[in-house]
> 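Got a structure here, written out as structure tokens. Questions coming.
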2 protein chains.
Amino acid sequence: MEEGTSQSPGYCCDTDGDPYDARQWDTRNDCEVRQILDRIADKWSLLVIALLDRRTLRFTELRRAVDGVSQRMLARTLRQLERDGLVRRTVHAAVPPRVDYELTPLGATLHTTIRALVDWTETHQNEIAAARAAYDVREAAEQAAQEREAARRDAIARDVLAGRL
Amino acid sequence: MEEGTSQSPGYCCDTDGDPYDARQWDTRNDCEVRQILDRIADKWSLLVIALLDRRTLRFTELRRAVDGVSQRMLARTLRQLERDGLVRRTVHAAVPPRVDYELTPLGATLHTTIRALVDWTETHQNEIAAARAAYDVREAAEQAAQEREAARRDAIARDVLAGRL
DNA sequence: CTGAATCCCTTCCGATACTG
DNA sequence: CAGTATCGGAAGGGATTCAG
């Protein structure tokens, strides 16, 4: 197996004290949650779950549908989703071999939630694009101002030096 | 700047034909959406948005609260969230310097959605853990069976060879 | 057809050191 | 305090090859 099941050291909970914030999800709860979140929020997992909504697809169909995924990453993604109980894998003994993938009931509930997130993104993507553009403009202006200031200081310093000598 | 704004080549839309699935988010829509999703579904972004719910925090406060983030990643995360218009950054001219971070209205709406995702994860984390355990058991059993089978074949082959010679 | 295994390059990210 | 710059190790991920 390429990667093991174990996490890198220090990834998980060791903060026991510090009851720092009870109003919401604090850092302690993220030990398990964060790891799962990283998995399902993954670029390919998201797409696979999306594409498997209410239907069954074969490996190659998924491969073509996702369009950009390598067979390696698709296989890995599907294996993990299967392991997490979100996708069911059915092997048909046949020649040529045929493997079907479909969402489990658990996976179907995730689809709803993910869908909400994607909807938010679609709804606000223009605002985000606008915010980025505005930010980039501000940053560029600031940088230009700094460069002008630097040039000014440089000129002054040269003048002083010239006056001295 | 360490990483530029531009994406890696071939990351975005080039699939124009293939009107393959109109019922849901197909691959074409993900050009923009996926990129934004990757950003907001990021491990640190998620936590930062969570912690900034309805309050203002300073850099160091966030650093301590997240507990595990490096100053590098926190700074990067905050910069990106600011650029995306999700977080407002306020610099107070003072000694020592003080910088406050808070959610923008846009960021606040994201908080609700993210919260739904995290709630799903918390709700189903036990099911996922169970699924993983079951999967691992099945896999181990399969592997053991394969090894027994291999040993059996090996023994037969040796017997045949011994009979021949 | 459906993968698993290998090679190899790129990106991510933490540790460290340095500015304002 | 609030960052930025640089480096090196680790992980991500594509291309290719092999197997069932």
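What you see below is based on every heavy atom in this structure, not just the backbone, and it leaves out hydrogens, waters and symmetry mates. Letters A, B, ... mirror the listed sequences (proteins, then strands); counts begin at 1.
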> Does any non-hydrogen side-chain atom of Arg88(A) lie less than 4.5 Å from one of Pro105(A)?
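Sidechains of Arg88(A) and Pro105(A): in contact.
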> Between atom CG in Leu78(A) and atom P in dG3(C), what is the gap in whole Å?
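The answer, rounded to whole Å, is 7 Å.
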> What is the per-nucleotide protein-contact pattern of nucleotides 15-20 of chain D, from the 5' end, where B denotes a base atom under 4.0 Å from a protein heavy atom, S denotes such proximity for sugar-phosphate atoms only, and - denotes neither?
BB---B
> Side chain of Ala75(B) only, please: which of dG3(C), dA2(D), dT4(D) is the nearest?
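Closest of the options to the side chain of Ala75(B): dT4(D).
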> Please answer whether the main-chain N or O of Arg39(A) pairs with a side-chain N or O of Ser45(A) as donor and acceptor at a distance below 3.5 Å.
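Present.
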> Would a 4.5 Å heavy-atom cut-off, applied to side chains only, mark Lys43(A) and Leu47(A) as touching?
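Not touching, per the 4.5 Å side-chain cut-off.
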> From dG3(C), dG14(D), dG3(D), pick the nucleotide closest to the side chain of Val99(B)?
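Taking heavy atoms from C-beta onward, the closest nucleotide is dG3(D).
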> Tell me: CZ of Arg63(A) to C1' of dA4(C), nearest whole Å?
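Distance check: Arg63(A) CZ to dA4(C) C1' gives 14 Å.
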> Measure from CZ on Arg79(A) to P on dG12(D) and round the result to the nearest Å.
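Distance check: Arg79(A) CZ to dG12(D) P gives 13 Å.
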> I would like to know whether Arg132(A) and Asp136(A) meet salt bridge (Lys or Arg N to Asp or Glu O under 4.0 Å); could you show each step before the answer?
CA-CA 6 Å; Arg132(A) 285 183 183 174; Asp136(A) 291 345; over 6 Å; no
> Search all heavy atoms of Leu106(A) against all heavy atoms of Asp84(A) and return the closest pair with its distance.
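Looking at all heavy atoms of both residues, the closest pair is CD2-O, 4.1 Å.
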> Using atom CE of Met73(A) as one end and atom P of dC9(C) as the other, report the distance to the nearest whole Å.
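Rounded to the whole Å, the gap is 19 Å.
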> If I take atom CD in residue Glu61(B) and atom P in nucleotide dC1(D), what distance separates them, rounded to the nearest angstrom?
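Spelled out: CD on Glu61(B) to P on dC1(D) is 11 Å.
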> How many whole angstroms separate atom CH2 of Trp44(A) from atom C1' of dG14(D)?
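Atom-to-atom, Trp44(A) to dG14(D), this comes out as 11 Å.
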> Can a donor-acceptor pair be found, under 3.5 Å and without considering hydrogens, that links the side chain of Thr104(B) to the backbone of Gly85(B)?
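At least one qualifying donor-acceptor pair exists.
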> Measure from CD on Glu139(A) to C1' on dT4(D) and round the result to the nearest Å.
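Those two atoms, CD and C1', are 13 Å apart.
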> Whole angstrom is fine here: how far is it from CG in Asp38(A) over to P in dC12(C)?
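Rounded to whole Å, this separation is 15 Å.
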